[in-house]
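First comes the structure, then the notes that go with it.
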Amino acid sequence: MSNTRITEVAQWLEAGVPRFVEEIIAATLEQIPIYGREKLVSRDQLRQSLEHNLGFLVAALGPEGGPTDLTAARATGRRRAEQGMPLPEVLQVYRLAYAILWRALLDERRRFATDVLLEAAGTIWRVIDETSLAVTESYRETTAQLLRAQQRRRSALVEALLTGGPGSAAGPWEAAALLGLPPDGRAVVVVAETRGLAEESLPEIERRLAAAGIDSGWRLTPSLQMGVVAVKDGQYEPFLDILRDSAAARTGVSPLYRKLSESPRAFRLARAALVMLPSGSGGVRVFSPSPLAAVLAAEPAEGARLADLVLGPVLAQSSEDRDVLLDTLEAFVTHSGSAEKAAADLHCHANTVRYRLRRLQELTGRSPSDPQDLTELTGALYAVRHTPR
């Protein structure tokens with residue numbers, strides 16, 4: 001077929017570009033609600049994009065022909081990704097454009113021979129198909145770039161919260177807001193060892209928590225995977241369940257805290273909980289909410305000294321006897337000095353608890369019934385439980 005005859009279609013199309021653009025805009029605003037709201041893409045931006053793309057379509061039908069110029073299509077894909085417009089709706093505009101142009105060509109069937117119309121329609125469809133593919137590729141490339149940039153920023157904000165150094169322009173509340181964490185709720189810090197160099201031991205943890213309605217932000221270093229998790233009422237146990245199900249390496253969890261400015265302290269306690277787990281093991285350990293435990297974790301050398309000074313003879317016993325005595329003391333303290341409640345917790349008789357407490361007194365020279373002695377025993381117990389030895 002002669003280039004002259006198909007060029008006539010190009011000239012007809014070029015003359016009608018303003019009309020076609022307005023028809024496509026009207027159909028887009030009517031049939032695609034997200035465009036109709038004009039929150040992401042304005043009418044003027046849509047018009048400019050259509051004019052550019054139709055201009056390249058005219059060129060493809062012109063006498064020069066040749067490969068389709070996809071510059072406008074790639075620019076459209078990049079802009080729509082940056083604007084947050086969903087890709088299916090972006091591609092739907094191209095389908096609407098083709099339908100409108102094809103109907104217009106059919107209305108001109110008396111002007112153009114059937115074979116000319118078919119060739120023009122084929123060229124138009126090819127160009128729209130090529131531009132749709134270019135839009136898709138550009139959109140996905142830009143989206144991937146935006147996601148990587150967003151993840152780098154979120155990682156930096158998590159580090160800012162955990163180190164207490166978000167910079168002069170923002171404090172912990174601003175950093176939390178940018179992470180999408182509520183400023184006035186409770187939070188915990190999670191610290192997990194990596195399985196390998198910079199290899200997550202809590203894979204997909206942010207997505208899994210989000211699926212349960214739990215907001216979080218994470219950072220990965222060569223040796224640690226760290227996160228700040230916002231915990232609303234009723235979410236603490238589900239959060240721990242997800243964490244335990246995900247953990248493939250030692251994982252420490254801080255106590256709950258409310259002031260985001262305390263995130264660096266919570267980070268230190270989560271790391272202390274992690275190192276209390278046996279090296280090379282998995283599992284999740286939650287640091288005690290006791291302020292005494294936090295004090296001892298801040299001074300591990302003094303904690304070790306206190307443990308040896310008060311509980312040295314107990315720690316020198318066989319592992320089985322040592323664990324029984326320490327578990328009994330912990331249950332006795334936890335239940336406010338009630339031998340009966342401690343016995344129920346330990347699944348033994350109250351007299352058994354009293355016997356073990358007397359044994360503890362014989363070994364340490366300190367009586368659990370004396371307030372001063374019990375204070376020292378409790379402090380030493382926390383040192384054993386929360387200080388690496």
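One-based numbering along the sequence shown.
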| said: Donor-acceptor pair, distance only, cut-off 3.5 Å: does the side chain of Glu159 make one with the backbone of Ser155? | reply: no
| query | How about Tyr236 and Val286: do any of their side-chain heavy atoms sit closer than 4.5 Å? | reply | yes
| said: Under 3.5 Å, is there a donor on one side chain and an acceptor on the other for Ser246 and Arg208? | reply: yes
| query | Trp218 and Val158: which non-hydrogen atoms are nearest, and at how many Å? | reply | N-CG2, 3.4 Å
| field | Inter-residue atom distance Leu40.CG - Arg79.CZ, 0.5 Å rounding | value | 14.0 Å
Less than 3.5 Å apart, which donor and acceptor atoms pair up between the side chains of residues 353-360 and the rest of the protein, not counting sequence neighbours?
unit_1 : atom_1 : unit_2 : atom_2 : d
Arg354 : NH1    : Asn351 : OD1    : 2.9
Arg354 : NH2    : Glu340 : OE2    : 2.5
Arg356 : NH1    : Thr328 : OG1    : 3.2

| Listed partners of Thr114 passing side chain to side chain donor-acceptor pair (under 3.5 Å), at least two apart | none
| said: Side chains of Gln83 and Arg80 only: does a donor on one sit below 3.5 Å from an acceptor on the other? | reply: yes
| Arg265 atom CZ: more than 12 heavy-atom contacts under 6.0 Å | no
| Take atom CD in Glu23; do more than 12 heavy atoms of anything else shown fall under 6.0 Å from it? | yes
| Single hit among Arg43, Glu30, Met85 for side-chain contact (heavy atoms from CB on, under 4.5 Å) with Tyr35 | Met85
| query | Just wondering, more than 12 heavy atoms not from Arg322 lying within 6.0 Å of its CZ? | reply | yes
| Do other residues, nucleotides or ligands put more than 12 heavy atoms under 6.0 Å from Arg153 CZ? | no
